[in-house]
Structure formats: C-alpha cells, structure tokens
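See below for the structure under consideration.
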Amino acid sequence: MSEPTLWYREDNFDTRVPCQHDAFSFQVTVREIWSRPGRADDLTLAVAARREPHRATVRRRLRVISRGCPSSASALLEHKANEELGHTESVANEPGLTCTCSFEVIPDEVLVEQLQKAERDRLAAEAGRDAVTRNLECLEHIKGRWLDFLRQLSRDPLGPTIAQLAGSSEL
C-alpha cells in the first residue's frame, strides 16, 4: 500500500499588534503553510473550517510577545515570533492537519516617518561635523605653512623690505 500524498496550502494574513506602552503598533504579515495527508479537497475543507480559530490564537499569542517589544524593535519582534511561534503545530480535533507559521514585521507607518526624520537629522549633523573637521584640518595646514613662511621671512635679508611692502613695519 502506498503512502498517502501530503498536500500543502499556503495562506497569508496581515494583522496589527501593539508595541510596548501601546503608543505604536507593528504591522505583521503571517505566512501559514497548512499540510495534511490524503486528498487535496480534504485539506481545503479542513483549512476552511480551522483557519479563523487558528488565526485568532496566533493573534493572541503574537500580542503577548509584541507588548514586550519597544516600538523601534520590529526586528526583535520578528525574531521572537519566528522563534516562539514558527514551529509546526498540529491542529486540535483534525487528525493529520498541521500549520507552520512564519512572520514578517514592519513598524508603524507614523513611527517609520519619525525614524526617517531622526535618521536624516543624524546624517545631516554628521555631515556638518565632518565638514567642520575638514575645514579645521585645512585651516591648520594653511596656518602651518604661513608660520613657516613668516619664520623664513625674518631670516631673509629681504624680509624687512617684503614686510614694508606688505604694509607691516613691525613684522
């Protein structure tokens, strides 16, 4: 007797879950891989009957994890969700039916805008600091060259004449 064929079905759904302190939320895309041995029609019917209760459970468990993550830690939530909820689970009262979830997380759109502004401000400040540093280095180089020139001028027999021509009798 041959082994029954194992059928797979992929579904996705999006959900929002709160961040720590409930100030923002995370946008989560959940990818579900449903599987069951037997006929493809059996899998389709079983998934249709169990999809919403399963998703409600995933949302509830995801909320528990997300409330422990700061609003800027979407990568942390994605890692924790995949680590804690991303394993294959058998579906209760449905022999052979399993579901494996994976999670993709992005931060709240309002937070993304704020993070982008903060990053632009940081980059502008960094560029300004770098420009000032380069200008000071250039000024230091020019100062050194002028000091060398003036020291040589004091030893040069034509130094007093050059200084007089430059408009400084005390040089």
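What you see below is based on every heavy atom in this structure, not just the backbone, and it leaves out hydrogens, waters and symmetry mates. Source: prediction; values computed, not measured.
Linking Ile, Leu, Val, Met, Phe, Trp and Tyr whenever their side-chain heavy atoms come within less than 4.5 Å leaves L6 and L97 in two separate clusters.
In plain terms, the two heavy atoms of G96 and P37 that are nearest each other are O-CD, 3.5 Å. Nearest heavy-atom pair across P95 and R36 is O-NE, 3.6 Å. Residues S35 and L43 approach most closely at C-CD1, 3.9 Å, considering heavy atoms.
Here CZ of R120 is found 6.0 Å from CD of Q116. Values are rounded to the nearest 0.5 Å. Residue C99 holds its SG atom at 4.0 Å from CH2 of W34, rounded to the nearest 0.5 Å. To the nearest 0.5 Å, atoms NE2 (H87) and OG1 (T98) are separated by 12.5 Å. Here the straight-line distance linking atom CD of E119 with atom CD of Q114 works out to 14.5 Å at 0.5 Å rounding. In this structure, NE2 on H79 lies 10.5 Å from SG on C69, to the nearest 0.5 angstrom. Between S66 atom OG and D22 atom CG the span is 8.5 Å, to the nearest 0.5 Å.
The salt bridge (Lys or Arg N to Asp or Glu O under 4.0 Å) pairs that include a residue from residues 72-91 are R61-E89, where partners are two or more places apart or lie in different chains. Every pair passing salt bridge (Lys or Arg N to Asp or Glu O under 4.0 Å) that includes a residue from residues 99-112 is listed here, sequence neighbours excluded: R16-D108.
Residues forming a salt bridge (Lys or Arg N to Asp or Glu O under 4.0 Å) with D130 (at least two apart in sequence, or on another chain): none.
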Residues 50-57 side chain polar contacts: donor-acceptor under 3.5 Å, at least two apart:
from: R50; atom 1: NH2; to: N93; atom 2: O; distance (Å): 3.2
from: R50; atom 1: NH2; to: E94; atom 2: OE1; distance (Å): 3.2
from: R51; atom 1: NE; to: D11; atom 2: OD2; distance (Å): 3.3
from: R51; atom 1: NH2; to: D11; atom 2: OD2; distance (Å): 3.2
from: H54; atom 1: ND1; to: E32; atom 2: OE2; distance (Å): 3.4
from: R55; atom 1: NE; to: E32; atom 2: OE1; distance (Å): 3.1
from: R55; atom 1: NE; to: E32; atom 2: OE2; distance (Å): 3.4
from: R55; atom 1: NH2; to: E32; atom 2: OE1; distance (Å): 2.9
from: T57; atom 1: OG1; to: P53; atom 2: O; distance (Å): 3.1

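Heavy atoms of other residues, nucleotides or ligands lying less than 6.0 angstrom from NE2 of H21 number 12 at most. More than 12 heavy atoms of other residues, nucleotides or ligands lie within 6.0 Å of CZ in R122, so this atom counts as buried by the packing criterion.
Grouping Ile, Leu, Val, Met, Phe, Trp and Tyr residues whose side-chain heavy atoms lie under 4.5 Å apart, directly or via other members, places V110 in a hydrophobic cluster with F24, L111, L115. Other members of the cluster containing L77 are F13, V17, F26, V28, V30, V58, L62, I65, L85, F103, V105, with ILVMFWY side chains joined at under 4.5 Å, either directly or via other members.
Proximity of Q20 to S71: side-chain heavy atoms (C-beta onward) are nowhere separated by under 4.5 Å.
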